[in-house]
Amino acid sequence: MLEKRKPIAVAEAVQRVMEFAFQEKIEIVSLQQAHGRFLAEDVAADQDVPAFDRSPYDGYAIRSVDSQEACSVNPVTFKVVGEIGAGFVFEREVSYREAVRIMTGAPIPKGCDAVVMLELTHTFEEDNQPYMSIKRSYETGTNISYKGEDVQKGAILIEKGQYINPGVVALLATFGYDQVPVFRKPIVGVIATGSELLEPSDALQPGKIRNSNAYMIMAQIERAGATVQYFGKFSDDLNLCIQAVEKALEEVDILITTGGVSVGDYDYLPAIYEAIDAQVLFNKVAMRPGSVTTVAARNGQLLFGLSGNPSACYVGFELFTRPIIRTAFGNKQPHLRREQAVLNADFKKPNPFTRFVRANASYENGQLVAVPSGFDKSSAVSSLAEANAFIVLPGGSRGYEKGMQVVVLLLEDLQGSEWPWGNIEKSYKS
Ligand SMILES: Nc1nc2c(c(=O)[nH]1)N[C@H]1C(S)=C(S)[C@@H](COP(=O)(O)OP(=O)(O)OC[C@H]3O[C@@H](n4cnc5c(N)ncnc54)[C@H](O)[C@@H]3O)O[C@H]1N2
Ligand code: MOO
Ligand SMILES: [Mg+2]
């Protein structure tokens with residue numbers, strides 16, 4: 001007798017997976033390799049930035065007190081006693097009506113407390129001695145970038161778990177992080193199952209299709225921040241697949257398979273879980289697409305049995321695999337970012353289960369709007385390319401109309417959500 005699968009709610013399924021959160025592990029990478037990783041320690045400032053008072057302009061450093069009498073009818077002349085470029089220090093103290101030619105970024109010479117922009121000076125020479133004159137007075141502090149004005153020593157600059165973007169890289173470099181502690185990326189294995197599968201380089205044959213899921217999942221794994229290990233595609237042969245899964249489990253932290261999780265004669269994943277003694281956490285979720293998504297665990301290691309249908313496979317990864325990967329990075333918001341959006345097209349399909357419609361979300365006049373990205377079947381591949389969001393449509397409605405408020409989950413967003421699954425209600429036309 002065919003076992004009847006009992007669907008569980010999406011939130012419950014996600015919760016069961018999240019109980020397997022990763023223990024964070026740290027590794028050290030070079031600064032050039034740090035972009036796109038997650039920081040494993042707080043970074044505190046061990047110095048002021050800038051570390052010395054410096055000039056924000058090319059011009060002349062002066063003592064402001066010497067400029068007090070300057071005005072348009074009474075220019076004041078300074079003797080130029082030296083020149084200083086960025087990277088050098090002017091050693092001697094500057095005295096009465098002396099000026100130092102200074103470049104942007106150079107330290108302010110001792111005695112000086114203002115900088116005059118080059119454009120506001122008149123320069124000339126007498127007896128080989130350079131001079132400059134100005135026609136206005138300057139207050140103390142004019143055009144000085146003060147020590148510590150950007151960052152003060154001791155401040156926590158970046159917290160552990162922060163995504164390392166180009167700006168974080170700049171800070172790490174500023175504070176001398178040649179080597180950066182980051183969270184280790186989990187290794188996620190991928191196996192495609194199905195006797196119908198050809199590789200992308202193969203010519204089509206009758207009844208066969210190209211294996212798009214494996215490549216799609218590998219890209220999703222990388223987008224989530226983990227490392228991919230691809231084991232290839234396997235035809236529907238139970239023993240071959242058991243061996244492939246067992247071998248793969250020795251080399252990865254998480255294993256994803258695609259295909260073979262439903263109730264067909266060649267859907268071998270249920271038998272594989274049994275053969276390797278993996279405990280099935282769930283094998284039916286009250287959602288579309290991806291209702292067959294199955295997750296099993298063996299010795300603390302998760303096996304994601306994603307659907308063979310491309311859209312179902314894609315959704316299953318983003319809802320269940322992505323957040324568990326993110327737990328490896330000290331991330332407090334491991335789930336897809338949840339936002340409110342206006343539905344920008346009718347979606348008339350009745351909905352027994354919560355539906356995750358592949359969609360394109362964008363801003364129109366400051367309002368997030370979402371529109372389904374195309375052919376909406378579990379088997380669809382075309383609607384995935386434009387999708388940067390899922391529109392979440394709770395089950396039990398007779399369809400949704402343009403203009404309704406809906407929840408969307410953003411796929412390309414780095415910030416994420418803490419727990420996006422509470423309080424997703426049916427929307428009504430306002
Ligand atoms: N009697 C029932 N039949 C089906 C049920 C059900 O509940 N009762 N569930 C349906 C749902 S929902 C889905 S989703 C699919 C899930 O199928 P499987 O996960 O078992 O996947 P396969 O049967 O292996 O393949 C399904 C479909 O996807 C194509 N496929 C497979 N692998 C790939 C790949 N790597 N790249 C691209 N496309 C792939 C495959 O050729 C099939 O067309 O089951 C329904 N049936
Ligand atoms: O698992 Mo299926 O995707 O609901 O069509
Ligand atoms: Mg099947």
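Indexing begins at 1, ligand by ligand and atom by atom, following the structure's order.
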Measuring from the heavy atoms of S212, does anything fall under 4.0 Å of ligand 1? yes

Atom 38 (N) of ligand 1 sits nearest the protein heavy atom I209 CD1, 3.2 Å

Please check if atom CD in Q152 has more than 12 non-hydrogen atoms from other residues, nucleotides or ligands closer than 6.0 Å. no

At what distance is the nearest protein heavy atom to atom 25 (O) of ligand 1, and which residue and atom is it? G308 CA, 3.8 Å

What protein heavy atom sits nearest atom 43 (O) of ligand 1, and how far off is it? N309 OD1, 4.2 Å

Counting from 1, what ligand 1 atoms have a heavy atom of G259 closer than 4.0 Å? 19 (O), 21 (O), 24 (O)

Between H35 and P166, which heavy-atom pair has the shortest distance, and what is it? NE2-CD, 3.9 Å

d(L240 CG, S235 OG) to nearest 0.5 Å is 5.5 Å

Of the protein's non-hydrogen atoms, which lies at the shortest distance from atom 16 (C) of ligand 1, and what is that distance? S307 OG, 3.5 Å

Atom 33 (C) of ligand 1: closest protein heavy atom, distance to 0.1 Å, is N213 ND2, 3.4 Å

Numbering the atoms of ligand 1 from 1, which are under 4.0 Å from a heavy atom of G260? 18 (P), 19 (O), 20 (O), 21 (O), 22 (P), 24 (O)

Ligand 1 versus V263, non-hydrogen atoms closer than 4.0 Å: side chain, backbone, both, neither? side chain

Only one of R358, R223, R326 clears salt bridge (charged side-chain N to carboxylate O under 4.0 Å, His left out) with E318; which? R223

Logged contact type for V292 with ligand 1, heavy-atom cut-off 4.0 Å, is side chain

Measure from the ring center of F320 to the ring center of F282 and say whether it is less than 6.0 Å. yes

Do other residues, nucleotides or ligands put more than 12 heavy atoms under 6.0 Å from the CG atom of D277? no

Out of S291, G264, P270, S195, indicate the one that has the non-hydrogen atom closest to atom 12 (S) of ligand 1. S291

Pair R210 + D202: basic N to acidic O under 4.0 Å: no

Between L269 and ligand 1, which residue portion shows a heavy-atom distance shorter than 4.0 Å: side chain, backbone, both, or neither? neither

Centroid separation under 6.0 Å, is that true for the rings of Y215 and Y230? yes

Side-chain H-bond candidate by donor/acceptor type, R288 with T354, under 3.5 Å: no

Distance from atom 40 (C) of ligand 1 to nearest protein heavy atom, with residue and atom: E196 OE2, 3.0 Å

min-distance protein heavy atom vs atom 35 (N) of ligand 1 -> N211 OD1, 2.9 Å

Counting from 1, what ligand 1 atoms have a heavy atom of L197 closer than 4.0 Å? 32 (N), 33 (C), 34 (C), 35 (N)

Around ligand 2, what residues show up once you keep those with a heavy atom under 4.0 Å from it? R288, P289, G290, S291, V292, A312, S378

Heavy-atom distances under 4.0 Å decide this one: backbone, side chain, both or neither, for D267 against ligand 1? side chain

Nearest candidate to atom 20 (O) of ligand 1, where distance is taken over non-hydrogen atoms, out of S262, S378, A214: S262

Output for pair (I256 CD1, L306 CG), nearest 0.5 Å, gives 5.5 Å

Closest non-hydrogen atom pair between E149 and I144, with its separation: OE1-O, 4.3 Å

Carboxylate-amine/guanidinium proximity below 4.0 Å for E246 and R298: yes

If only side-chain N and O atoms count, and only distance matters, is there a donor-acceptor pair under 3.5 Å linking T104 with D58? yes

V261 to ligand 1: N or O pair under 3.5 Å? yes

Got a salt bridge between K185 and E222, using NZ or NE/NH1/NH2 to carboxylate O under 4.0 Å? no

Measuring from the heavy atoms of K284, does anything fall under 4.0 Å of ligand 1? yes

Heavy-atom contacts under 4.0 Å between V381 and ligand 1: side chain, backbone, both, or neither? neither

E119 versus Y57, side-chain donor and acceptor atoms under 3.5 Å: no

Do the ring centers of F329 and F183 come within less than 6.0 Å of each other? no

